[in-house]
Amino acid sequence: MIYALNMILFTLGLVIMIRESNLVKKVIGLNIFQSSIFIFFILLSKLNDSLPPILEDYSYDYSNPLPHVLILTAIVVSISTTSLALALILKIKKQFNTIDEDEISKDDQ
Amino acid sequence: MSQIPVLIIILPLLFVPIVILMRMFKVSYLIVVLSSVLNFILITILTLDVFTNGAVFYELGGWPAPIGIRLNADMLSCLFLMLIGFMNLVCVISCKEIVEKTVSSSKVYLFYTAWLLCNTGFTGIILTDDIFNMFVFLEISSLSSYFLISQGNQKKSTFAALQYLFIGSIGAIFVLFAIGLLYMITGTLNMQDLTKQLAVVEEKQIVLFAIVFLLVGVGVKSALFPLHGWLIKTYAYSPSIVTTYFSGTSTKIGIYIFFRVFLDILNDIGPLTLFSLSDILIALSSIGVVLITYYAIKQTDIKKMLAYSSVGQLSYIFIAMILYIPDGITASLVHVINHSIIKTSLFLTLTLLFISKKEVLLTDLAGLSTKQPIITSCFLVMSLALVGLPLTAGFISKWYLILSLIQSKYWMFTSIVVLTSFMTLFYVWKMIDQVYFKENSNGEMFELKKHQFIPIAFLTLLIIYLGVETSLTVGVSQSIAYDIIYGVI
Amino acid sequence: MDDNVVIKIISTLMIPLILIFGLYVQFHGEYSAGGGFQAGVILAASFILYDLVFSNENTSLKLNTEIILNFIAAGVALYVLVGIFGLLYGGNFLDYSSLSLSNDASSGQKIGIFLVEIGVGLTVSGVMVLIYKMFNKSKA
């Protein structure tokens, strides 16, 4: 069930990225798209009624910590991608005075 | 000695903070040269070791394989490592003046930082034995390459970088998703362990799902035919030295990932035979080659023309790889090497000839032969190698490609490859025509200093050498091909 | 900015807490949830909050871009050097056991993780503050 919702998020992000011509909205779409994959990884690690994987004195079902660590790395990558994209958009805004993709392409001809 | 695999990745990374901390002293270039030379020496030592004694494994932190992260240097990785190390060295040696001309002086150290990070990413992708690490290194190299591209001095370069960022990020996320799917069914991220686990896995559907996502994700990176759009723009608008560097490395990394994932990790499943994926891909690539070559003929901007030509050549590499017979894989590996060298040398020549020019049109080449006879003859050799004339490196790989196509009895595709090779002659002729038979109208001098001859001449000699003496490239590629197909790895 | 008294008071209360929490996450990361990445972001958040609330001509973040860059580089260098330290003692890269003073592998690993996490924390907080400063500076 959650997987299905997650896939909706996945598609939504992709559609936003393809359809929107505003560059900032594209970045937002990219973020949604990336988040859906992150949630997918976190879902993989979850067992039924599992607790966080923190060392305790008694034994219990805990979720798999590896995907959490992987996603931590992926989130860092995502932050860098977003900030780089925004920085590039700022530069584009200065050069073309617009952040609309169609107008920039029109400028080309 | 045993520490070499990790040093290859770590040394550029260690030089990154040094470049940043020493930014006041204008020594960034020297540090980068030092790093590249050291890196190339280490790679050579590692390669010799691997070719004589077999694959080398390196466990990070001393943790054993499926739990810890491991580096793996086998013949395939060493072949690509040599290529990347060599291209990096050539570009770094010849890039000083070009970088000073294109990048504002306050940002030069950032440019070199990104360059080193990019190199770290490339070597990391090749050496790692952990599929998630591969994704991380892929993103390291991509992020720094977006920055490098955006430093071009044309108005559109920022936009080209941003578009590449969007497409590249989608591709990387697809790869990440596929990695998640593979992790879900096998519970491991180590490549060798993954191979074992996947051979016995029940849920073939999920594997297929993962394969499709991997194909699209890696296809973006390596500019597989319908996904090549970014390559044209980035080649045309990035700083010319970056174009030179990427033409030999960036897309080849994509092809390495293809080899590693499809022909090594997923080899037991035969990912390309599922749903006749290979036929679809070959047909797609063949259509691609024809269209791309046609577009290349139409271009007037040389950088764009060569970018289209790159996509076409990459399609050859794919076709050869997908045939999945020893000769085909040999052809694609040899073509990876030869095409990298040819394209890099072509771009390098253009870059050095037109250091401060923003856009290089075909007509700018006019009258080159009277002013720079030596460079012109080098340029002629390179262009003919691109077509694939005998005695040049390009011939060998095309020969093997056609041979393997005939072996697989794909008659139609054989004729397409032969046809497009002749079409290549058209756009190469357009360049040669300008160089030899047109008068120089605008009276501009070609800026070129003595010491810049050396890399160009060296690359030209290398092209001829690899065209005559084939035992090195073909021999190594053949043994890798047999390893892949008959499963000795 | 006089009408923002509530925000100012609350942030004065919050910023020390955020800083301490960041340091807690940094140094307690080996045992519980936490580590360099999270701590770096939390620490950077406190700096950014300070700058958002109290910035005017005189009191805007005095931290120079150059100094932050040095911090970032130092963090990466610390990470790599700790890794290479293992090489010198015959171990593999990031083999922390050799860092131990008393031939005890696990205490060496504690020191190793501690140092590496400090490197990560330095770099991450530096990068976050730098990103904020860059975007803040380039108000178009």
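Throughout, protein chains are lettered first and strands after them, A, B, ... in sequence-line order, and every chain is numbered starting at 1.
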Exercise. For B/K221, enumerate each residue passing the salt bridge (Lys or Arg N to Asp or Glu O under 4.0 Å) test, keeping only those at least two apart in sequence or located in another chain.
Key: none

Exercise. Hey, could you give me the CE/CZ distance between A/M7 and B/F177, rounded to the nearest 0.5 Å?
Key: 3.5 Å

Exercise. Measure the acute angle between the ring planes of A/F10 and B/F174, then classify it against the limits of 30° and 60° as parallel, tilted or perpendicular.
Key: parallel

Quiz item: Are the aromatic rings of A/F41 and B/Y183 close, with centres under 6.0 Å apart?
Solution: no

Practice problem: Working to the nearest 0.5 Å, report the span between NZ of A/K26 and OG of B/S169. | Solution: 11.5 Å

Self-check item: Contacting moiety of B/L165, where chain A heavy atoms sit under 4.5 Å
Solution: side chain

Quiz item: Atom CE of B/M184 and atom CG of A/L43: how far apart are they, to the nearest 0.5 Å?
Solution: 10.5 Å

Quiz prompt | Test log, rule side-chain contact (heavy atoms from CB on, under 4.5 Å), inputs A/L66 and B/L189 | solution = CA-CA 10 Å; A/L66 186 62; B/L189 289 167; 4.1 Å; yes

Quiz item: What's the spacing between B/K156 NZ and A/I92 CD1 if we round to 0.5 Å?
Solution: 9.5 Å

Quiz prompt | Listed partners of B/N72 passing side-chain hydrogen bond (donor to acceptor under 3.5 Å, both in side chains), at least two apart | solution = none

Check residues 12-24 of chain A and write down every donor-acceptor pair under 3.5 Å in which the side-chain atom is one partner and the other belongs to a residue at least two apart or another chain.
unit_1	atom_1	unit_2	atom_2	d
A/S21	OG	A/D100	OD1	3.3
A/S21	OG	A/D100	OD2	3.2
A/N22	OD1	A/V24	N	3.0

Self-check item: Heavy atoms from other residues, nucleotides or ligands near NZ of A/K91 exceed 12 (cutoff 6.0 Å)
Solution: yes

Exercise. Measure the spacing between CZ of B/F132 and CD1 of A/I71 and express it to the nearest 0.5 Å.
Key: 6.0 Å

Quiz item: Of the backbone (N, CA, C, O) and the side chain (C-beta and beyond), which part of A/L44 lies under 4.5 Å from a heavy atom of chain B, both, or neither?
Solution: side chain

Self-check item: Point-to-point distance, once rounded to the nearest 0.5 Å, from CG of B/L162 to CG of A/L84
Solution: 8.5 Å

Exercise. Determine which residues belonging to residues 27-40 of chain A lie within contact range of chain B, meaning some heavy atom pair is under 4.5 Å apart, and list them by number or answer 'none'.
Key: A/V27, A/L30, A/F33, A/Q34, A/I37, A/F38, A/F40

Quiz item: Of the backbone (N, CA, C, O) and the side chain (C-beta and beyond), which part of A/S80 lies under 4.5 Å from a heavy atom of chain B, both, or neither?
Solution: both

